[in-house]
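Within every chain, numbering begins at 1; the chains are lettered A, B, ... in the order of the sequence lines, protein sequences first and strands thereafter.
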There are 2 protein chains.
Amino acid sequence: MAGPVHPRKRPTQADVARLAKVSPAVVSAVVNGRTAGGVRVGDTTAARVEEAIQQLGYVPNIAARNLAGGRSNIIGLFTYEALFPMEAMSFYHPFLLGVEEAVEDLDCHLLLFTGSHVDGRRRAIYKNGVNTLQLADGAVIVGQAEDRAELTTLLREGFPAVFIGRRELTGIEASYAAADYSTATRRLVERISALGHRRIARLHGGSGHESIVDRDTGFTAARTLLADRLDAADVFVTPNAAAVTELVPRLVEQGYTCLITDDCERAVDACAAAEALGRSVPGDLSVAALSEFSFTPTDRDFTTVVTPGRDMGTAAIRLLADILDNPSDRSPRRTVIECGIRDGDTLAAPRG
Amino acid sequence: MAGPVHPRKRPTQADVARLAKVSPAVVSAVVNGRTAGGVRVGDTTAARVEEAIQQLGYVPNIAARNLAGGRSNIIGLFTYEALFPMEAMSFYHPFLLGVEEAVEDLDCHLLLFTGSHVDGRRRAIYKNGVNTLQLADGAVIVGQAEDRAELTTLLREGFPAVFIGRRELTGIEASYAAADYSTATRRLVERISALGHRRIARLHGGSGHESIVDRDTGFTAARTLLADRLDAADVFVTPNAAAVTELVPRLVEQGYTCLITDDCERAVDACAAAEALGRSVPGDLSVAALSEFSFTPTDRDFTTVVTPGRDMGTAAIRLLADILDNPSDRSPRRTVIECGIRDGDTLAAPRG
DNA sequence: ACCCTTTGATAAAGCGCATCATCTGATGGC
DNA sequence: GCCATCAGATGATGCGCTTTATCAAAGGGT
């Protein structure tokens, strides 16, 4: 019953063919669903081949299969940073959840590109000018820190890649599964306005990333739409905690009743600054964040925009699958997914 | 400056060779650091080749390289359950952290085997009797729910695999990176004894898993070592919350002052049962757990044995790397790693 | 001058697979 | 009963690379 112990070498198609007394082409056809490659196989022969495969424990060699032009059923996931450190996980986890799910549905495996360092500790797609992602049929790319030039090259090459999050690269149209931060931001501002706030300040981290630009768009749209119900809806650039700490007192003095930050980190800073002035949140000042993300655990339950991470993950894989199934269609695949808004306890009607 | 968009076909080594007027072997040598593969290349020729590579934007094809070379530099990670659901993450995360780190050091990639379902939703290594893990050079296997028969077959086959956690399979010696639960358990009991406890009860979940057997060993060792300082150190089987709830009152009545559970889940149950009797933890009764793991977040800060998950992960990968580098050595590789003990607030000296 | 070593380079043999062009019988239409 | 058809199978070819065996030419010692 026990097969050979420690086979020196993995069995090949040829071995199977020999055992089943058929040609290698037949084995190939059986493995890839019969009739593949224009070769037909009868039921009895197929059974005999399956049997031989069973007996030898044959498994197709990915490299060979790839080389010969077939697919490997491996989908890659690339991130410029390590995936599993605690701080990273809090960001990546929802995406991973969705990706794993979708990849599982496709009956594919997931390849994490961990060993793609170029010299220092930084990951890179191209190593010695070699596109390491080629190991997979295609790849999903997620994360914030990134090398745009490299990504542009990747797409130029025609490599099947889908981003999680919107990306605009110069000279080439990228495929992505993105969150609709624009609409979410607008809705959040509308909600704030509906509560009675007339002076709103947006504390902008200063990033030019697409996900932030989308929020900018939404904020601007809201300001236009609500022009007659708002006395002020201004944007202030606060790249760090210090900037927030310094700015908040002035805003309070100028009568702003609600602050909107990019993320919970800055929201925490804003609350701290407010409380340092003896103002309570949300009693005297409301605070909301345009992202639920936070590197460090926060004690407050902020009202935030919620990124549909899991859905973005599954959507990205689906887009990638579509690209792989229809390689002749070179057009970019895009999905934009609605965001939620989580009602925390940092948003209330303004005093008086 | 912009390269060709969507090149129909990527340039090959042969193309470069033609342009540089050298043989393909020389190109290969230049790409892999000269003198690779026993082929030497002069400085001027090398320069000419580099130039041609640049000009064509040549990038080696990994599939072909792997096919020719043998190893794929892909290390597999297999789990019988999905990796990223919230509950699973709390268990897998530390291991993943270590694995990613070590794989990164090896300059390998990590392949997550997700699409290996046999019929229902359950994952399996063998699909149609075929070992799907062979896509990778070797694999690390982690998790609790498992198919021992399948694992035995896997090792019999000689597939390079390392377990995270001790495994004893019939008829074959497995490689693993394990935690030293035995010593940790003994130390925990010693600490409890040192606090003055003389009647200790171990609430045993009834599992026969190696990790639990190791704890059994440690508990027994402690009982022997501390025979004269202990009036009782007994084991009670409590497979579920109900069993705990029912048992605890009797134990309290019989004068046990410290309960040791397998995990935090049961520890929570024990606390609840004690408090239902009007006893406080740790005032009237001490509680400790032999694993920090808990599916659900606990409010108490239990004193527990801490599994060195990250270290086990890196150790497992190192062992695997050793197997891959020395395939002729068929002996099992094993690493046993010391556990920590986390001091929570559920353990105190017994009253009076 | 001779042989031996070293340097620089080449041609060719696979690696394991998918696929294309053929080939062989059996079937079927009429 | 004969040719067209097609299911079923084969062999060869090539994907792009690494590596081995081989070889030409250039020193270098005696």
Side-chain angles (χ1 to χ4, degrees), chain A residues 7-49 52-53 56-74 128-132 134-135 137 327, chain B residues 7-49 52-53 56-73 130 134-135 137:
Chain A
R8 274 262 138 260
K9 191 171 159 310
R10 280 168 49 166
T12 77
Q13 228 174 46
D15 297 326
V16 175
R18 215 167 300 128
L19 179 61
K21 299 196 199 310
V22 294
S23 71
V26 170
V27 179
S28 176
V30 168
V31 169
N32 307 332
R34 33 265 248 194
T35 138
V39 172
R40 259 182 292 266
V41 183
D43 286 345
T44 62
T45 317
R48 194 150 30 92
V49 172
I53 288 178
L56 295 178
Y58 164 79
V59 135
N61 175 311
I62 327 175
R65 183 177 270 186
N66 267 345
L67 220 213
R71 282 171 52 174
S72 62
N73 277 357
I74 292 185
N128 301 328
V130 177
N131 173 4
T132 58
Q134 282 184 109
L135 280 176
D137 290 338
Chain B
R8 276 266 135 257
K9 194 172 161 307
R10 305 198 351 226
T12 76
Q13 222 173 51
D15 296 326
V16 175
R18 214 166 303 127
L19 179 61
K21 298 194 198 313
V22 296
S23 72
V26 171
V27 179
S28 177
V30 167
V31 169
N32 307 332
R34 16 260 253 215
T35 132
V39 171
R40 259 181 293 264
V41 183
D43 286 346
T44 66
T45 317
R48 194 150 30 92
V49 172
I53 288 178
L56 294 178
Y58 164 77
V59 155
N61 176 314
I62 295 206
R65 183 177 270 183
N66 279 343
L67 218 214
R71 270 170 69 166
S72 62
N73 276 358
V130 164
Q134 286 191 49
L135 285 173
D137 290 340

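B/Thr45 contributes atom OG1, which lies 13.0 Å from atom CZ of B/Arg40 (distance to the nearest 0.5 angstrom). To the nearest 0.5 Å, atoms CG (B/Asn66) and CG (A/Asn61) are separated by 8.5 Å.
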Working for side-chain contact (heavy atoms from CB on, under 4.5 Å), residues A/Val30 and A/Arg48
CA-CA 10 Å; A/Val30 168; A/Arg48 194 150 30 92; over 6 Å; no
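Counting only heavy atoms from C-beta outward, the side chains of A/Asn32 and A/Arg65 approach each other to under 4.5 Å. Side-chain atoms of A/Val41 and A/Val49, non-hydrogen and from C-beta on, never get closer than 4.5 Å to each other.
Taking only side-chain nitrogens and oxygens, A/Arg40 comes nearer than 4.0 Å to OP1 or OP2 of D/dA7. Neither OP1 nor OP2 of D/dC17 sits under 4.0 Å from any side-chain N or O of B/Ser28. Dashed line: the shortest gap from a side-chain N or O of B/Ser23 to OP1 or OP2 of C/dT10 is under 4.0 Å. Residue B/Asn32 places at least one side-chain N or O under 4.0 Å from the OP1 or OP2 atom of D/dT18. Listed pair A/Thr45 / D/dA9 meets the phosphate criterion, a side-chain N or O lying under 4.0 Å from OP1 or OP2. Remark: B/Gln13 is in phosphate contact with D/dT18, judged by side-chain N or O atoms under 4.0 Å from OP1 or OP2.
A/Asp15 places its CG atom 8 Å from the P atom of C/dG16, with the value rounded to the nearest Å. In this structure, B/Tyr58 places its OH atom 10 Å from P of D/dG16, rounding to the nearest Å. Atom-to-atom, CZ of A/Arg18 to C1' of D/dG11 comes out at 15 Å; the value is rounded to the nearest Å. In this structure, A/Leu67 places its CG atom 12 Å from C1' of C/dG14, rounding to the nearest Å. Going from atom CG of A/Asn73 over to atom C1' of C/dA18 covers 14 Å, rounded to whole Å. The separation between B/Asn61 atom CG and D/dG16 atom C1' is 6 Å, rounded to whole Å. The distance from atom CZ of A/Arg48 to atom C1' of D/dA9 is 11 Å, rounded to the nearest whole Å. Atom pair A/Ile53:CD1 and C/dC17:C1' shows a separation of 13 Å (rounding to whole Å applied).
Taking every heavy atom of both residues into account, A/Val31 and A/Pro60 meet most closely at CG1-CG, 3.9 Å. Considering all non-hydrogen atoms of both residues, A/Ala63 and B/Leu67 come closest at CB-N, 3.8 Å.
As judged by a 4.0 angstrom heavy-atom cut-off over every strand, B/Val27 is placed among residues making no nucleic acid contact. A/Val59 comes within 4.0 angstrom of sugar-phosphate atoms only, judged by non-hydrogen atoms across all strands, and of no base. Using a 4.0 Å heavy-atom cutoff across all strands shown, A/Pro60 reaches sugar-phosphate atoms only and no base atom.
Heavy-atom distances to DNA chain C give each of B/Ala64 and B/Val26 a nearest nucleotide, and the one nearer the 5′ end belongs to B/Val26. Between B/Thr12 and A/Ala25, the one whose closest nucleotide on DNA chain D sits nearer the 5' end is A/Ala25.
Axis angle across the helix from C/dA1-D/dT30 to C/dC30-D/dG1, with five pairs used at each end and values rounded to 10°: 40°.
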Compile the donor-acceptor pairs under 3.5 Å between side chains in residues 15-22 of chain B and protein atoms, sequence neighbours left out, one pair per line.
unit_1	atom_1	unit_2	atom_2	d
B/Asp15	OD1	B/Arg18	NH1	3.1
B/Asp15	OD2	B/Thr12	N	2.8

When you check every protein heavy atom under 4.0 Å of nucleotides 22-27 of chain C, what one-letter string (B, S, -) results, 5' to 3'?
------
